[in-house]
Amino acid sequence: MSQSVDEVRELFEESHPLMSKVYFVLKAESLVTKVQTHCLDILELLQSCEGLPVELSSASLEHCVQKIKHMGYEKPSAIISKAIKEQVEGNEPSSGIRSEIADLLSLKSNQELLIELVALENLKEDAEQLEKIRDVEYIEEMINLVTHMHDCFIEMKQSQSSNTVPIPPDFCCPLSLELMTDPVIVSSGQTYERGYIRNWIDLGLTVCPKTMQTLVHTNLIPNYTVKALIASWCESNNVNLPDPVKSMIRQEEASLMNHVHSSSEDSMPELENESVELNESGERIVDLGGPAAISPPRNESPGGGGADDGSVEHSHGSNEESSPQVVTGNSSDASGEVMAEAHPAMAATSAAPQTDPHEYSPRFRTRPRNPIWRRPSERFGPRIISSVPETRSDLGEIETQVKKLIDDLSGTSLDTVKNATFELRLLARHDKDIRNVIANCGAINLLIGLLYSPDQNIQENAVTALLNLSINDINKTTIGNSNAIEPLIHVLETGSSEAKENSAATLFSLSVIEENKIKIGRSGAIGPLVDLLGNGTPRGKKDAATALFNLSTFHENKGRIVQAGAVRFLVDLMDPAAGLVDKAVAVLSNLATIPEGRARIGQEGGIPMLVEVVELGSARAKENAAAALLQLCTNSNRFCNMVLHEGAIPPLAALSHTGTPRAKEKAQSLLSFFRNQRHGNGGRR
């Protein structure tokens, strides 16, 4: 009891205004529930004792028990969990649930929602550094929920606008959502109203609210070009500029009212016992034990999403016990293709004023776009969940158990085979040594054969076991050499949603080996992967995009991916609502290095989306979008004119100062090419 109370006290002592309210509520409810549970245990113990003082009579103790059991508090965690579940299942949380969460957690303003997103991103980064894969995925779900709430808030504010003339998105401050009167540029290259971004920075927030990039400095550079264009637009449309002082006062009053409302609550929410854990089959369960363990709603070895999203990368090298080694850097070969390398691209360390957009082409005009882009939360690589048991038998005992299970795989009883595949699936997730034991005992060939099983459970267990085994590099080669690819394709074409997801993830894992990329590409796997990309579940699309990226780094596969119709789906997935912008752009960047890829990108309307990514995407997405545009422009005058027509110059100019090293290089090359074009140096058609 004392330990639990200390944990609650520490949580509240460490709380601060900029911490995640969603995460705090989930953790606090679980901790206080532990205290409630211990209280009931103590009361039950006292009830069994004899000779207690009068004040501890049976009646008084029973009164305390009933009082604790029937604490009638609100349960924010239940509402949040329900909203997350709806979103994971592909359904948008209802406006009622969103409003309830906003009221309970005081997430009622644009700034409060953005601060919550920053806090969750920080939590995610901390979990990634500690390699807490379960925590990362569940925090990503929280981010997706708050992102959806923020998008709905933006839409509501736009619908409530009293302006008769639509305001161009470039003229509105992403923080105030109002027409800017004193626009300034921050180090990320984005423009804000001075008072609002200064207030944001003064709160101690050091990230760009729009892109979530770290602000390498807090200098505010006046954006005279935008200011002049806003003044001209106002004059042309007879619109009065808002009073920035009154606007800031309204914001402060709203924040104060929210604070007073939330702090006036004199009751504490009832805490559900909802520390989330995976059970033996990898599904989330309620845990009466620890403080708010966080886990994803996915079976123990999901299939796709592992490295930092948007970085174009693959896993290779030695594998640790919990997940494959993740490579998070990018480079390009002579053809401009994105390749994986061992070092992450460094973030920009300085910013400069934007280049005059009129030097190249007209840009500042109204064009439809998504109002707010944000760094997607998915990881790019396999979602391998490793659950190392607190105690385990020695490897000799495990080997005996594995041999027995392998014998059962060849049995005639369906239930016996089903149980054996399930047990191997669980064992394969434990650690590297156990995976090696399973492989060395000869399980791989038998599991591959069971991919053709007509029993859905057996097929799911077999493919997931193979996915877990493939974490070890030596097993990648063994599985690839054991004629596994065609059976995996069979699962892709005929399996359940989960089986298809994990089959795609297994193909991704195998494709880390260069030889396997060739085999997979030539075996006919690309067509089913593209079908999953276009028609699968959200998780399936993510797994397919991850696998297709790795396959696209082998030149021979690019044409196959284009011919299978992937470009249309990839262009659709550049919509931020899909949550797969970084992955889609990464694949398109590779496909843009071949003529048929460029042609298809142009035909499918990919150019406007790529320009938008350069302006509003994550750092990694901007980098890959710029690389794709460079390929498109330098190989076709028509595409070059389309890019210019979409107003690519200002975001490219900003990227040339603030992007990753590779992004700067691509942006500068494009700007130089545009200058040469303007001076009469024609390009190829």
Side-chain angles (χ1 to χ4, degrees), residues 300-304 306 314-326 381-386 395 398-410 417 420-453 458-492 499 502-525 543 546-547 550-551 554:
E300 76 288 343
S301 181
H314 60 268
S315 309
H316 64 85
S318 62
N319 286 284
E320 302 301 328
E321 291 185 0
S322 61
S323 65
Q325 178 183 352
V326 173
R383 292 181 305 282
I384 307 296
I385 307 299
S386 174
L395 289 179
I398 291 175
E399 184 175 353
T400 301
Q401 179 187 0
V402 167
K403 288 179 177 178
K404 170 65 169 61
L405 292 171
I406 290 175
D407 288 341
D408 290 345
L409 291 180
S410 304
V417 175
T421 55
F422 181 73
E423 291 295 327
L424 287 170
R425 165 182 178 167
L426 296 182
L427 282 171
R429 70 177 180 166
H430 283 164
D431 63 30
K432 180 171 59 178
D433 292 333
I434 295 177
R435 288 190 285 272
N436 286 338
V437 167
I438 294 171
N440 292 338
C441 287
I444 287 176
N445 283 322
L446 291 171
L447 289 170
I448 290 172
L450 291 172
L451 296 179
Y452 288 107
S453 172
I458 291 176
Q459 189 183 63
E460 286 179 4
N461 291 336
V463 73
T464 308
L466 287 168
L467 171 59
N468 288 341
L469 291 172
S470 73
I471 297 173
N472 293 13
D473 273 353
I474 189 171
N475 292 341
K476 289 179 173 63
T477 302
T478 303
I479 295 170
N481 291 337
S482 300
N483 300 317
I485 295 170
E486 287 189 7
L488 286 169
I489 295 172
H490 172 76
V491 176
L492 265 182
N502 287 344
S503 177
T506 306
L507 289 171
F508 162 74
S509 182
L510 298 180
S511 68
V512 168
I513 306 297
E514 200 69 19
E515 181 184 350
N516 287 340
K517 287 181 189 175
I518 302 171
K519 290 180 181 179
I520 294 169
R522 293 176 180 175
S523 66
D543 294 333
T546 307
N550 234 27
L551 294 172
F554 180 64

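One is the number of the first residue; the rest follow in order along the sequence. In this text the structure is predicted, and so the values were computed from the model without any measurement.
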Kindly say whether R425 contributes a backbone atom to a donor-acceptor pair with the side chain of N461 at under 3.5 angstrom? no
Between CG on residue L466 and CD1 on residue I438, distance to nearest 0.5 Å: 10.5 Å
Rounded distance [0.5 Å steps], CD1 in I434 versus CG in L469: 11.0 Å
Any donor and acceptor pair, going by atom type alone, linking the side chain of S509 with main-chain N or O of T506 inside 3.5 Å? no
Taking all non-hydrogen atoms of both residues into account, name the closest pair between T421 and L447 and its distance. CG2-CD2, 4.4 Å
Between K519 and I485, is there a donor-acceptor pair closer than 3.5 Å when you use the side chain of the first and the backbone of the second? no
E514 versus F554, closest heavy-atom pair with distance: OE2-CD1, 3.9 Å
To the nearest 0.5 Å, what is the distance between OG on S482 and CD1 on I479? 7.5 Å
N483: which residues meet the side-chain hydrogen bond (donor to acceptor under 3.5 Å, both in side chains) condition with it, sequence neighbours left out? none
Going by side-chain contact (heavy atoms from CB on, under 4.5 Å), name the residues that satisfy it together with K403, two or more places apart in sequence or in a different chain. E399, C441
Nearest heavy-atom approach of P487 to A484 is CD-O, 3.2 Å
Any R429 side-chain heavy atom under 4.5 Å of T464 side chain: no
Counting C-beta onward and ignoring hydrogens, is there a side-chain heavy-atom pair between I398 and D433 closer than 4.5 Å? no
Output yes when a side-chain donor or acceptor of R435 lies under 3.5 Å from a complementary backbone atom of A428, and no otherwise. yes
Minimum heavy-atom distance V417-D408, with the two atoms named: CG2-O, 3.7 Å
Measure the CD1-NZ distance between I474 and K432 for me, rounded to the nearest 0.5 Å. 11.0 Å
For N475, what residues pass the side-chain hydrogen bond (donor to acceptor under 3.5 Å, both in side chains) criterion, not counting sequence neighbours? none
Nearest 0.5 Å, what's the OG-CG distance between S523 and L488? 9.0 Å
Quick check: closest heavy atoms across L510 and G480, and the distance to 0.1 Å? CD2-N, 4.5 Å
Note, I444 side chain near I448 side chain (heavy atom, < 4.5 Å): yes
Contact check, side chains of V491 and Q459, non-hydrogen atoms, under 4.5 Å: yes
Is there a donor-acceptor pair under 3.5 Å between the side chain of K517 and the backbone N or O of L551? no
Full working for side chain to side chain contact (heavy atoms under 4.5 Å, CB included) between L405 and L427: CA-CA 11 Å; L405 292 171; L427 282 171; 3.8 Å; yes
Rounded distance (nearest 0.5 Å) linking atom CG of N550 with atom CG of N516: 10.5 Å
I'd like to know if the side chain of S453 and the backbone of I458 have a donor-acceptor N/O pair within less than 3.5 Å. no
Minimal heavy-atom distance between S503 and L492, with the atoms involved, is OG-CG, 3.6 Å
